[in-house]
Amino acid sequence: MVTKTETIAAIATPLGTAGVGLIRVSGPLAPELAPRIFRPAHPNCVWQSHHLYHGDVVSADGQTVLDEVLATLMRKPHSFTGEDVLEISCHGNPLILQTILEQLLKLGCRLARPGEFSERAFLHGRMDLSQAEALAAMITAQSAKALQLELSQMKGSLGRRIDELRSLLVDALAHLEAAIDFSEDVSDREIPSVSGLILRADAGMEQLLSTYHQARLFTEGLRVVIAGKPNVGKSSLLNRLAGRKKAIVTDIPGTTRDLITETVTLDGTCVHLTDTAGIRPPTDAIEKEGIDLVWRQMEETDILLLLFDGSKPLTDEDFQIMEQSQNYDVKILTAVNKCDLPPAWNNRLPDHPLYGKPLLSLSAKFGDGLEDLKKALTGSTGGETPAEGVMITRLRHKLALEKALARLREAQNCLTTGQSSEFAAFELSEALNALDEITGKNVPEDVLSRIFSSFCIGK
Ligand SMILES: Nc1nc2c(ncn2[C@@H]2O[C@H](COP(=O)(O)OP(=O)(O)OP(=O)(O)O)[C@@H](O)[C@H]2O)c(=O)[nH]1
Ligand SMILES: [Mg+2]
């Protein structure tokens with residue numbers, strides 16, 4: 001539990017050499033520490049809130065100048081944490097940052113725990129829990145789309161959507177409670193309006209839950225496995241997409257044995273690529289192991305990119321791979337490589353379930369067709385900009401929503417089967433509690449601590 005009388009301090013910028021570094025202090029000591037640690041360049045420093053002052057930072061005993069800095073005092077409640085906050089921007093030498101931090105600790109501050117500034121912001125009502133979680137995720141977001149999504153949540157989009165759903169439930173509960181006050185059962189007059197509100201909330205929750213899969217693709221990235229028989233150019237394609245020579249390429253079939261992974265950003269989407277061993281009857285135990293890994297990897301991917309060599313006739317191996325890959329619950333894209341060479345077949349896959357699927361044509365060696373391939377890969381995430389609608393990105397939120405929905409359906413069931421309205425009211429209030437887990441109105445302390453402790457120090 002945060003003791004609000006403690007003043008915390010931390011280095012908010014990464015420890016390393018940089019142009020500037022930032023130290024953050026939050027708590028009741030901040031205003032009195034400011035004039036002790038900072039000597040203004042101009043005597044008229046009155047520590048007006050949210051004003052930037054230029055001067056020197058000095059040691060706790062006032063004897064030594066440690067750096068020339070800029071300092072700002074932000075008076076409560078108009079600060080990130082809702083407490084008095086002092087920020088010192090110094091030169092980005094870790095030695096300077098560390099020394100200033102030590103002086104602050106000497107003057108009575110305590111070292112902040114990871115995420116403690118955000119935790120205080122949450123506890124002071126500066127943001128709800130979904131906003132705090134989005135803030136932490138925004139700092140580590142790996143793609144433009146994920147960033148956009150987290151930014152919108154940090155600005156409160158999910159919290160607002162949850163509040164809308166919440167108010168439907170509160171209205172339904174009010175109708176029910178009014179009915180309970182007058183009679184044992186909900187009157188005929190009340191049931192339709194309560195049911196209507198429940199159904200609207202049900203549809204809203206369903207819709208929100210349906211965004212989870214796509215949102216995870218935006219935030220976690222899209223997993224793509226490149227598979228095919230030996231020598232079709234899988235490793236060449238990985239290297240081409242990665243923009244560097246990550247995997248060994250030779251004209252010897254069976255070059256790749258292990259799984260080779262690389263994360264790239266394609267059209268703003270984070271894509272985790274895996275190059276694999278060419279699939280064929282294995283020639284030795286190592287190759288067998290490698291090929292087993294390919295099939296196992298197909299269970300853990302979003303897209304399977306099957307690659308063929310357009311310069312040589314298709315073989316039984318190609319058809320067997322196609323056949324077998326149908327057993328996996330995965331989206332399959334098919335591409336013909338080596339389009340720079342004269343084609344040996346008409347780029348159609350006859351007599352096969354994949355027949356009729358668009359075959360992408362590309363040259364991993366020279367880069368032809370790469371743009372279409374990128375579009376096909378990232379387009380399969382749904383492609384639309386996430387800011388258009390609220391999406392849920394976290395498993396914690398998904399589980400809470402599922403719990404709320406189950407309780408809501410139970411409430412509806414109580415009404416339609418004519419059970420006492422108290423039962424329906426109980427289920428509805430449980431649904432409300434589940435929704436409140438998302439915004440943090442109803443979250444046990446240990447869960448809160450766990451969430452905030454995964455944040456960065458100084459955030
Ligand atoms: N002309 C041409 N040659 C290519 C192309 N892509 C790959 N190659 C050649 O095909 C051979 C095999 O390429 P790799 O990328 O090693 O093929 P692979 O599918 O990874 O092969 P394994 O690891 O053995 O399964 C090499 O000689 C490449 O230079 C292409 O687009 N055009
Ligand atoms: Mg290879």
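In each ligand, atom 1 is the first atom listed, and ligand 1 is the first ligand listed. Please read all numbers here as calculations on a predicted model, not as lab measurements.
We find that Lys459 and Glu116 are not joined by a salt bridge, their nearest charged nitrogen and carboxylate oxygen being 4.0 Å or further apart. Using a cut-off of 4.0 Å between Lys/Arg side-chain N and Asp/Glu carboxylate O, Asp267 and Lys375 are scored as not salt-bridged. A salt bridge is absent between Glu164 and Arg200; no separation between the charged side-chain nitrogens and carboxylate oxygens falls under 4.0 Å.
In this structure a side-chain-to-backbone donor-acceptor pair under 3.5 Å is missing from Asp67 to Val69. Within the 3.5 Å criterion, the main-chain N or O of Thr81 finds a donor-acceptor partner in the side chain of His124. Side chain of Lys441 to main chain of Asn433: no donor-acceptor pair is present (N/O by atom type, distance under 3.5 Å, no hydrogens or angles).
The aromatic rings of Phe308 and Trp345 lie perpendicular to each other, with more than 60° between the two planes, well past the 30° mark.
For ligand 1, the 4.0 Å heavy-atom shell contains residues Pro230, Asn231, Val232, Gly233, Lys234, Ser235, Ser236, Val249, Thr250, Asp251, Ile252, Pro253, Gly254, Thr255, Thr256, Gly278, Asn337, Lys338, Asp340, Leu341, Ser363, Ala364, Lys365.
Listed by chain and number, the protein N, O or S atoms at a distance under 2.8 Å from the Mg ion (ligand 2) are Ser235 OG, Thr256 OG1.
Here the NZ-CD1 distance, from Lys106 to Ile37, works out to 9.5 Å after rounding to the nearest 0.5 Å.
Closest approach of His397 to Ser130, counting heavy atoms only: CE1-CB, 4.0 Å.
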